[in-house]
Amino acid sequence: MNKVRTRFAPSPTGYLHIGGLRTALYGFLYSKKNHGDFILRIEDTDTARYVDGSVQIIYDTMRDSKIMYDEGPDVGGDFGPYVQSERKDIYLKYAKKLVELGGAYYCFCTPERIASLKDGEGNVRYDKHCLRLTKEEIEEKIKSGVPYVIRQNIPTEGAGSYHDLVYGDISVDYKDIEDGILIKSDGMPTYNFANVIDDHLMGITHVIRGTEYLSSTPKYNLMYDAFGWERPTYIHLPPIMKDAQHKLSKRNGDASYEDFVKKGYIKEAIVNYIALLGWSPKSNVEKMSLSELIENFSLDGISKSPSIFDETKMKWLSGEYIKEMSQEEFNALSLDFLKESKVYGKFDTEKLLTLVKGRVQILSEIPEKLDFLCDFGVFDTALFINQKQKTDIELAKSVLPKIKETLSDLSAFDNSTLFNSLVDLSNQLGIKKQALLWIARIALTGKEVTCGGATEIAELLGKDETMKRIDFSLSLL
RNA sequence: GGCCCCAUGGUCAAGCGGUUAAGACACCACCCUUUCACGGUGGUAUCAUGGGUUCGAAUCCCGUUGGGGUCACCA
């Protein structure tokens, strides 16, 4: 059995979108699961669509998400070059060979003639016009500089069948396939040709790609057969949708990996979530590290139908990763987000982050969770009324001075000291600690809902500010 | 439109001829709790449709409907 070799072959036309990243991930997982190699190949044969800088984005995104390749343009390997534009001569050589083998032919038709072939629906179907040309005629035209392309010669009868590991047996009649262009007039190959040549030359055993190639695969097989090459195993992947009828796409401005990272999603959670889109593990455990994904990955868990991207669930997973990470790790990741909050610099950074960890799912939620600390001012004293804790304004009025007195006597001002002293106070007063703490928290924040309890907030505010706020709240009553 | 493919709750999905049709997210309720969050328990909700085949169909076959893909000198 040959060593498994899979590849991810994006074209550098912009950002790496979520669907592309998932294709890469599955290729990576499958190869690693089978102790094989994962290769990155850049498919830049369309010079017109090339976007500057996007190759770097591909490298960066894959490294950042830990979907690392064993061979590729920037890491080398024995099967390079790994950039198609650098392989132009190779394709031309094989195209000529395919012409000799009868699998392709030169075509000199003008765009005008092609356009005249349009049917009622506006679809063009090439009529094999140039297939009739004699060897002499072809040489003559080439010599005199007539522009040409090389087309694949698809049989007029029969059907191409193959077995896809996800979709099963696929069969397409050759009469439904056009004689597509293999080599463009600029000498560059099209995807339809380059992918076959490269996959063979690079020893790719398993071709993992989107379903958009499901029905064009028979024509690739025709080439493998003509060259006498072994066909790879095919694994086509269902698309990731934005909603029931639209694919998630960069074109629509849908979020990319980078965008999600910027929004403060934990990277591992993004990878974990996209692994789950279109694939389900045997067990019911969904939160998995990359190595666990490798261990659990199997092709029979891949579904055939499109799946809709659910950001809410990814958010949940991100929150799970936050809960499990250490406070130190969280702090390191969160600092840049905390800086966006108006509380930054006004309170102890570590205390702020301790308060917020476990209460956010994505890091960009940090500012909104903490801003309340700075928003203290006149508030509705009705907040002191709480049915369940049996608190009201009168109680607040009588208890608040005692809270102030208790706290002002404290030498330490940490959460547990604060908490213990207030609980003691509530016992002395003969009221429930919940009631007392409710009043304290409202007095300190003027907010019905806060992230953190009364004593946590008091610690954060510090003694002076705590006293000030109690005085202020008292003045409102 | 031709061809290829797909169809289980709102979403991700398990299921491979006999199940009370898993599980997760979301939602709701209750419990816990120093409000919120966390955590715990429970709940609402799914086999697109019509025909077959079979003792028996979410599972197999056909049609219908719906959806996706593809029909470029794009990948």
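Each chain gets a letter, A, B and so on, in the order its sequence line appears, and its residues count up from 1.
Phosphate contact (OP1/OP2 of B:rU35, side-chain N/O of A:T450, threshold under 4.0 Å): absent. Between A:K184 and B:rC74, a side-chain N or O to OP1/OP2 separation shorter than 4.0 Å is present. Within the 4.0 Å cut-off from OP1 or OP2 of B:rC6, at least one side-chain nitrogen or oxygen of A:K304 is found. Here A:K313 does not reach the OP1 or OP2 of B:rA24: none of its side-chain N or O atoms lies under 4.0 Å away. The phosphate of B:rG67 has neither OP1 nor OP2 within less than 4.0 Å of any side-chain N or O from A:Q245.
Spacing between atom CG of A:N284 and atom C1' of B:rG23 amounts to 4 Å, rounded to whole angstrom units. As rounded to whole Å, 18 Å separates atom P of B:rC3 from atom CD of A:E157. Between the CE atom of A:M314 and the C1' atom of B:rC12 there is a distance of 13 Å, given to the nearest Å. Rounded to whole Å, the distance from CZ on A:R125 to P on B:rU70 is 17 Å. Look at CG on A:L237: it is 15 Å from P on B:rG69, rounded to the nearest Å. Summarising the geometry, the separation between NZ on A:K242 and C1' on B:rC12 is reported as 19 Å, rounded to the nearest angstrom. The CD-C1' distance, from A:Q434 to B:rC32, rounds to 11 Å in whole Å. The separation between A:L461 atom CG and B:rU34 atom P is 20 Å, rounded to whole Å.
When each of B:rC73, B:rA14, B:rU34 is scored by its nearest atom to the side-chain atoms of A:S185, the top-ranked nucleotide is B:rC73. Closest to the side chain of A:R49, out of B:rA13, B:rC74, B:rC6, is B:rC74. Residue A:D46 places its side chain closer to B:rC74 than to any other of B:rG68, B:rC4, B:rC74. Candidate nucleotides B:rU11, B:rG2, B:rC74 were compared by shortest atom distance to the side chain of A:D176, and B:rG2 ranks first. Of the listed nucleotides (B:rG23, B:rG2, B:rC5), B:rC5 has the atom at the smallest distance from the side chain of A:L214. Checking B:rU35, B:rC36, B:rA13 against the side-chain heavy atoms of A:R359 singles out B:rC36 as nearest. The side chain of A:K247 lies closest to B:rG69, out of B:rU34, B:rC74, B:rG69. The nucleotide whose nearest atom lies closest to any side-chain atom of A:N415 is, among B:rC73, B:rU34, B:rA24, B:rU34. Proximity note for A:S215 (side chain, C-beta onward) versus B:rA75, B:rG69, B:rA14: the nearest is B:rG69. Candidate nucleotides B:rU34, B:rA72, B:rC25 were compared by shortest atom distance to the side chain of A:E178, and B:rA72 ranks first.
The stacking criteria are not both satisfied for A:W438 over the base of B:rU35, which would need a centre-to-centre distance under 5.5 angstrom and an angle between ring planes under 30 degrees.
A:T211 comes within 4.0 angstrom of sugar-phosphate atoms only, judged by non-hydrogen atoms across all strands, and of no base. Within the 4.0 angstrom heavy-atom criterion, only backbone atoms of the sugar-phosphate kind lie near A:A244; the bases stay farther away. Using a 4.0 Å heavy-atom distance criterion, A:K219 is classed as making no nucleic acid contact. Residue contacts shown for A:F309 are absent, as no nucleic acid heavy atom lies under 4.0 Å away. Within 4.0 Å of A:S283, counting heavy atoms only, lies no atom of the nucleic acid at all. Using a 4.0 Å heavy-atom criterion, one finds that A:T13 contacts no nucleic acid atom at all. As judged by a 4.0 angstrom heavy-atom cut-off over every strand, A:L276 is placed among residues touching the sugar-phosphate backbone only. Contacts of A:M241 with the nucleic acid, taken as non-hydrogen atoms under 4.0 Å apart, involve only primed sugar atoms and P, OP1 or OP2. Nucleic acid contact class of A:G180 (heavy atoms, under 4.0 Å, all strands): none. The residue A:T445 sits apart from the nucleic acid: no heavy atom pair falls under 4.0 Å. Using a 4.0 Å heavy-atom criterion, one finds that A:V124 contacts the sugar-phosphate atoms exclusively. Residue A:K175 is out of contact with every strand shown, counting any heavy-atom pair closer than 4.0 Å. Counting any heavy atom pair closer than 4.0 Å across all strands shown, A:Y273 reaches no nucleic acid atom. Nucleic acid contact for A:K323: sugar-phosphate only, since backbone atoms but no base atoms lie under 4.0 Å from a heavy atom of the residue.
B:rC27 and B:rG52 are spaced 44 Å apart, taking the P atom of each and rounding to whole Å. B:rG66 and B:rU49 are spaced 15 Å apart, taking the P atom of each and rounding to whole Å. Comparing the same atom, C1', in B:rU53 and in B:rC60 gives a spacing of 8 Å after rounding to whole Å. Distance noted for atom C1' between B:rG15 and B:rU8: 9 Å (whole Å). Rounded to whole Å, the P atom of B:rG18 lies 27 Å from the corresponding atom of B:rU11. Rounded to the nearest Å, the gap between the P atom of B:rC31 and that of B:rG23 is 24 Å. Comparing the same atom, P, in B:rA29 and in B:rC38 gives a spacing of 14 Å after rounding to whole Å. Only the P atoms considered, B:rA22 is 30 Å distant from B:rG67, to the nearest whole Å.
Of the two residues contacting RNA chain B, namely A:C451 and A:T312, the nearest-nucleotide position lying further toward the 5' end is that of A:T312. RNA chain B is contacted by both A:E212 and A:S11; A:E212 maps to the nucleotide lying nearer its 5′ end (nearest heavy atom per residue).
Between A:Y224 and A:Y162, the ring center distance fails the sub-6.0 Å criterion. The ring of A:Y257 has its center no closer than 6.0 angstrom to the ring center of A:Y15. Under the 6.0 Å cut-off for aromatic ring centres, A:F376 and A:F472 qualify, their centroids lying closer than that.
By the 6.0 Å contact criterion, CD on A:Q327 is enclosed, its count of non-hydrogen atoms from other residues, nucleotides or ligands being greater than 12.
Under the 30°/60° scheme for interplanar angles, the aromatic rings of A:Y69 and A:Y59 are found to be tilted. Relative ring orientation between A:F260 and A:Y265 is described as perpendicular, the plane-to-plane angle rising above 60° on a 0-90° scale split at 30° and 60°.
For B:rU34, the base has a donor-acceptor partner in the side chain of A:T455 [N/O atoms by modelled type, under 3.5 angstrom]. The base of B:rU35 sits within donor-acceptor range of the side chain of A:R441, with an N or O pair under 3.5 Å.
Nucleotide B:rA29 is matched to B:rU41 when pairs are restricted to Watson-Crick or G-U wobble geometry with both distances under 3.5 angstrom. Of the nucleotides present, B:rA7 is the one that pairs with B:rU65 by Watson-Crick or G-U wobble criteria, both distances under 3.5 Å. Pairing for B:rC73 is absent, with no Watson-Crick or G-U wobble pair whose two atom distances lie under 3.5 Å.
Remark: A:R113 engages A:D127 in a salt bridge, criterion side-chain N to carboxylate O under 4.0 Å. A salt bridge links A:D46 with A:R49: the distance from a Lys NZ or Arg NE/NH1/NH2 to an Asp or Glu carboxylate oxygen falls below 4.0 Å.
Between A:L25 and A:L290 the shortest side-chain heavy-atom distance falls below 4.5 Å.
Side chain of A:S326 to main chain of A:E329: a donor-acceptor pair is present (N/O by atom type, distance under 3.5 Å, no hydrogens or angles).
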